[in-house]
Amino acid sequence: MSKIKSFDELKNLVSELKPVLDMRENHTKEDITKREILVCGGTGCTSADSLQIIENLRSEIKKAGLEDEAEVHLTGCFGFCAKGPIAKVFPDNVFYIQVTPNDAEEIVKEHLVNHRVVERLLFEEPSLDHKKVEKHDDMSFYKKQSRVALRNCGHINPEDVNEYIGCNGYIALGKCISE
(Lines give C-alpha, C1' and ligand atoms only; values in the text may rest on other atoms or scores of the structure.)
Protein backbone atom coordinates (compact mmCIF):
# COMPACT_ATOMS: atom_id res chain seq x y z
CA MET A 1 0.00 0.00 0.00
CA SER A 2 1.29 3.43 -0.86
CA LYS A 3 1.32 6.36 1.49
CA ILE A 4 -1.95 8.28 1.78
CA LYS A 5 -1.05 11.96 1.39
CA SER A 6 -4.36 13.72 1.89
CA PHE A 7 -7.83 13.37 3.37
CA ASP A 8 -9.25 13.33 -0.17
CA GLU A 9 -6.97 10.40 -1.06
CA LEU A 10 -8.23 8.56 2.03
CA LYS A 11 -11.86 9.19 1.08
CA ASN A 12 -11.18 8.00 -2.47
CA LEU A 13 -9.54 4.84 -1.12
CA VAL A 14 -12.55 4.19 1.14
CA SER A 15 -14.84 4.57 -1.90
CA GLU A 16 -12.68 2.10 -3.83
CA LEU A 17 -12.45 -0.52 -1.05
CA LYS A 18 -15.96 -0.32 0.44
CA PRO A 19 -17.71 -2.20 -2.41
CA VAL A 20 -15.42 -5.19 -1.91
CA LEU A 21 -16.52 -5.46 1.73
CA ASP A 22 -20.15 -4.69 0.90
CA MET A 23 -20.20 -7.77 -1.36
CA ARG A 24 -20.04 -9.91 1.76
CA GLU A 25 -23.49 -8.89 2.87
CA ASN A 26 -25.32 -7.10 0.09
CA HIS A 27 -26.05 -9.85 -2.42
CA THR A 28 -29.08 -12.02 -2.63
CA LYS A 29 -28.79 -15.78 -2.94
CA GLU A 30 -29.92 -15.37 -6.55
CA ASP A 31 -27.18 -12.82 -7.31
CA ILE A 32 -24.02 -14.34 -5.92
CA THR A 33 -20.91 -13.45 -7.87
CA LYS A 34 -18.38 -14.69 -5.32
CA ARG A 35 -18.55 -16.36 -1.93
CA GLU A 36 -16.24 -15.51 0.90
CA ILE A 37 -15.65 -17.73 3.89
CA LEU A 38 -14.50 -15.80 6.93
CA VAL A 39 -12.79 -17.89 9.59
CA CYS A 40 -12.26 -16.63 13.12
CA GLY A 41 -8.70 -15.70 13.95
CA GLY A 42 -9.29 -14.91 17.62
CA THR A 43 -7.06 -16.57 20.20
CA GLY A 44 -9.57 -19.26 21.18
CA CYS A 45 -10.33 -20.28 17.61
CA THR A 46 -6.68 -20.10 16.60
CA SER A 47 -5.77 -22.44 19.44
CA ALA A 48 -8.49 -24.79 18.14
CA ASP A 49 -6.92 -25.00 14.65
CA SER A 50 -8.68 -22.17 12.78
CA LEU A 51 -5.51 -21.51 10.76
CA GLN A 52 -5.53 -25.14 9.62
CA ILE A 53 -9.23 -24.78 8.77
CA ILE A 54 -8.32 -21.85 6.51
CA GLU A 55 -5.60 -23.85 4.78
CA ASN A 56 -7.88 -26.86 4.33
CA LEU A 57 -10.71 -24.71 2.94
CA ARG A 58 -8.32 -23.09 0.46
CA SER A 59 -7.03 -26.50 -0.58
CA GLU A 60 -10.55 -27.89 -1.06
CA ILE A 61 -11.61 -24.81 -3.04
CA LYS A 62 -8.61 -25.32 -5.32
CA LYS A 63 -9.39 -29.05 -5.70
CA ALA A 64 -12.96 -28.18 -6.68
CA GLY A 65 -11.75 -25.60 -9.21
CA LEU A 66 -13.58 -22.77 -7.44
CA GLU A 67 -10.70 -20.28 -7.06
CA ASP A 68 -12.60 -17.67 -9.11
CA GLU A 69 -15.84 -18.25 -7.22
CA ALA A 70 -14.77 -18.46 -3.56
CA GLU A 71 -12.14 -17.06 -1.21
CA VAL A 72 -11.22 -17.75 2.39
CA HIS A 73 -10.14 -14.99 4.76
CA LEU A 74 -8.96 -14.75 8.33
CA THR A 75 -11.13 -12.42 10.38
CA GLY A 76 -11.30 -11.10 13.90
CA CYS A 77 -13.12 -12.80 16.73
CA PHE A 78 -16.84 -13.35 16.21
CA GLY A 79 -17.32 -13.13 19.98
CA PHE A 80 -18.94 -16.53 20.47
CA CYS A 81 -15.76 -18.27 21.61
CA ALA A 82 -17.59 -21.10 23.37
CA LYS A 83 -18.81 -22.28 19.96
CA GLY A 84 -15.58 -21.78 18.01
CA PRO A 85 -13.92 -22.21 15.69
CA ILE A 86 -16.44 -20.29 13.64
CA ALA A 87 -16.68 -19.93 9.87
CA LYS A 88 -19.16 -17.63 8.19
CA VAL A 89 -20.06 -17.88 4.51
CA PHE A 90 -20.94 -14.63 2.74
CA PRO A 91 -23.10 -13.46 1.12
CA ASP A 92 -25.24 -16.39 2.27
CA ASN A 93 -24.70 -15.20 5.86
CA VAL A 94 -24.45 -18.79 7.11
CA PHE A 95 -22.74 -19.14 10.49
CA TYR A 96 -20.99 -22.45 11.14
CA ILE A 97 -19.87 -23.37 14.66
CA GLN A 98 -17.32 -25.78 16.13
CA VAL A 99 -15.72 -26.25 12.75
CA THR A 100 -12.73 -28.58 12.53
CA PRO A 101 -10.09 -28.87 9.80
CA ASN A 102 -11.80 -32.09 8.69
CA ASP A 103 -15.03 -30.15 7.98
CA ALA A 104 -13.43 -28.16 5.14
CA GLU A 105 -14.11 -30.80 2.49
CA GLU A 106 -17.80 -31.04 3.45
CA ILE A 107 -18.26 -27.25 3.57
CA VAL A 108 -16.81 -26.87 0.09
CA LYS A 109 -18.65 -29.84 -1.43
CA GLU A 110 -22.00 -29.22 0.19
CA HIS A 111 -22.19 -25.45 0.61
CA LEU A 112 -20.13 -24.12 -2.29
CA VAL A 113 -20.64 -26.83 -4.91
CA ASN A 114 -24.11 -28.19 -4.11
CA HIS A 115 -25.53 -25.01 -2.51
CA ARG A 116 -26.71 -26.90 0.58
CA VAL A 117 -26.10 -25.73 4.12
CA VAL A 118 -24.15 -28.15 6.32
CA GLU A 119 -26.87 -28.59 8.94
CA ARG A 120 -24.73 -30.38 11.52
CA LEU A 121 -22.47 -27.31 11.84
CA LEU A 122 -25.32 -24.90 12.61
CA PHE A 123 -26.10 -23.51 16.05
CA GLU A 124 -29.08 -24.93 17.94
CA GLU A 125 -30.91 -21.95 19.40
CA PRO A 126 -32.20 -22.77 22.92
CA SER A 127 -34.89 -20.06 22.77
CA LEU A 128 -36.34 -21.71 19.64
CA ASP A 129 -36.61 -25.23 21.09
CA HIS A 130 -33.09 -25.98 19.83
CA LYS A 131 -34.00 -25.29 16.22
CA LYS A 132 -30.90 -24.99 14.04
CA VAL A 133 -30.32 -21.45 12.80
CA GLU A 134 -28.15 -20.28 9.91
CA LYS A 135 -27.71 -16.61 10.74
CA HIS A 136 -26.07 -15.11 13.79
CA ASP A 137 -28.86 -12.50 13.87
CA ASP A 138 -31.24 -15.32 14.90
CA MET A 139 -29.14 -16.24 17.95
CA SER A 140 -30.19 -14.85 21.32
CA PHE A 141 -26.47 -14.53 22.19
CA TYR A 142 -26.05 -11.82 19.54
CA LYS A 143 -29.49 -10.23 19.94
CA LYS A 144 -28.42 -8.98 23.37
CA GLN A 145 -25.42 -7.16 21.92
CA SER A 146 -24.94 -3.74 20.43
CA ARG A 147 -21.39 -3.60 19.17
CA VAL A 148 -19.79 -0.21 18.88
CA ALA A 149 -15.99 -0.38 19.13
CA LEU A 150 -15.92 -4.02 18.01
CA ARG A 151 -18.58 -3.74 15.28
CA ASN A 152 -16.17 -4.96 12.58
CA CYS A 153 -14.97 -8.04 14.46
CA GLY A 154 -15.88 -11.11 12.49
CA HIS A 155 -16.41 -8.97 9.41
CA ILE A 156 -12.93 -7.80 8.42
CA ASN A 157 -9.43 -9.25 8.46
CA PRO A 158 -7.58 -7.60 11.35
CA GLU A 159 -4.29 -8.09 9.51
CA ASP A 160 -5.40 -6.22 6.36
CA VAL A 161 -5.39 -2.44 6.71
CA ASN A 162 -7.29 -2.13 3.42
CA GLU A 163 -10.29 -3.87 4.96
CA TYR A 164 -10.18 -1.45 7.90
CA ILE A 165 -9.98 1.52 5.55
CA GLY A 166 -12.86 0.08 3.50
CA CYS A 167 -14.99 0.26 6.67
CA ASN A 168 -14.29 4.00 7.02
CA GLY A 169 -11.17 3.42 9.07
CA TYR A 170 -9.16 6.57 9.74
CA ILE A 171 -11.98 8.84 8.50
CA ALA A 172 -12.40 10.39 11.96
CA LEU A 173 -8.64 10.95 12.17
CA GLY A 174 -8.67 12.52 8.71
CA LYS A 175 -11.45 14.90 9.76
CA CYS A 176 -9.57 15.87 12.92
CA ILE A 177 -6.41 16.64 10.99
CA SER A 178 -8.02 18.42 8.05
CA GLU A 179 -11.06 20.21 9.45
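- Here the side chains of Asn93 and Lys88 are in contact, with some heavy-atom distance below 4.5 Å.
- Residues Phe78 and Leu38 meet the side-chain proximity criterion, which asks for heavy atoms closer than 4.5 Å.
- Atom SG of residue Cys40 and atom CG of residue Leu51 lie 10.0 Å apart, to the nearest 0.5 angstrom.
- In this structure, CD1 on Ile53 lies 10.5 Å from CD1 on Ile86, to the nearest 0.5 angstrom.
- Here Ile54 contributes atom CD1 and Leu57 contributes atom CG; the two are 8.0 Å apart, rounded to the nearest 0.5 Å.
- Taking a 6.0 Å sphere around OH of Tyr170, one finds it holds 12 or fewer heavy atoms contributed by other residues, nucleotides or ligands.
- The distance from atom CD of Glu36 to atom CZ of Phe90, rounded to the nearest 0.5 Å, is 8.5 Å.
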* Working for salt bridge (charged side-chain N to carboxylate O under 4.0 Å, His left out), residues Lys34 and Glu69 -> CA-CA 5 Å; Lys34 190 169 207 167; Glu69 299 170 36; over 6 Å; no
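- Note that CZ of Arg58 is 8.5 Å distant from CD1 of Ile61, once rounded to the nearest 0.5 Å.
- Each of Val72, Val108, Ile107 was checked for a side chain to side chain contact (heavy atoms under 4.5 Å, CB included) with Glu60, and the lone residue meeting it is Val108.
- Between the CD1 atom of Ile171 and the CG atom of Leu10 there is a distance of 4.0 Å, given to the nearest 0.5 Å.
- Smallest separation of non-hydrogen atoms from Leu112 and Ala70: CD1-CB, 3.8 Å.
- We find that Lys132 and Glu119 are not joined by a salt bridge, their nearest charged nitrogen and carboxylate oxygen being 4.0 Å or further apart.
- Ring centroids of Phe123 and Tyr96 are separated by 6.0 Å or more, keeping the two rings apart.
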* Quick one: do Val99 and Val39 satisfy side chain to side chain contact (heavy atoms under 4.5 Å, CB included)? Show the steps, please. => CA-CA 9 Å; Val99 178; Val39 180; over 6 Å; no
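- Listed for the Arg35 side chain is no donor-acceptor partner under 3.5 Å among the backbone atoms of Pro91.
- Counting heavy atoms from C-beta on, the side chains of Val94 and His111 come closer than 4.5 Å.
- Between Pro85 and Cys45 the shortest heavy-atom distance is CA-SG, 3.3 Å.
- Around NZ of Lys109, the count of heavy atoms belonging to other residues, nucleotides or ligands within 6.0 Å does not exceed 12.
- Remark: of the listed residues Asn168, Leu13, Ile165, Asn168 is the sole one forming a side chain to side chain contact (heavy atoms under 4.5 Å, CB included) with Lys18.
- Counting non-hydrogen atoms of neighbouring residues, nucleotides and ligands closer than 6.0 angstrom, the CG atom of Asp129 reaches no more than 12 such neighbours.
- At a threshold of 4.0 Å, the pair Glu106-Arg120 counts as salt-bridged, since one of the basic side-chain nitrogens sits closer than that to a carboxylate oxygen.
- Judged by distance alone, the side chain of Ser50 and the main-chain N or O of Gly41 form no donor-acceptor pair under 3.5 Å.
- The closest side-chain donor-acceptor pair between Gln52 and Asn56 falls under 3.5 angstrom.
- Side-chain N or O atoms of Ser15 include one that pairs as donor or acceptor with a backbone N or O of Lys11 at under 3.5 Å.
- Looking at Thr100 and Asp103, their side chains do bring a donor and an acceptor atom within 3.5 Å of each other.
- Here the closest non-hydrogen pair linking His73 and Glu71 is NE2-OE1, 2.9 Å.
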* Asked: How far apart are the C-alpha atoms of Asp92 and Val117, what are their side-chain angles, what is the distance that settles it, and do they pass the side chain to side chain contact (heavy atoms under 4.5 Å, CB included) test?
  -> CA-CA 10 Å; Asp92 309 59; Val117 173; over 6 Å; no
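- Shown here for Phe7 and Ser178, the closest heavy-atom pair between the two residues is CD2-OG, 3.3 Å.
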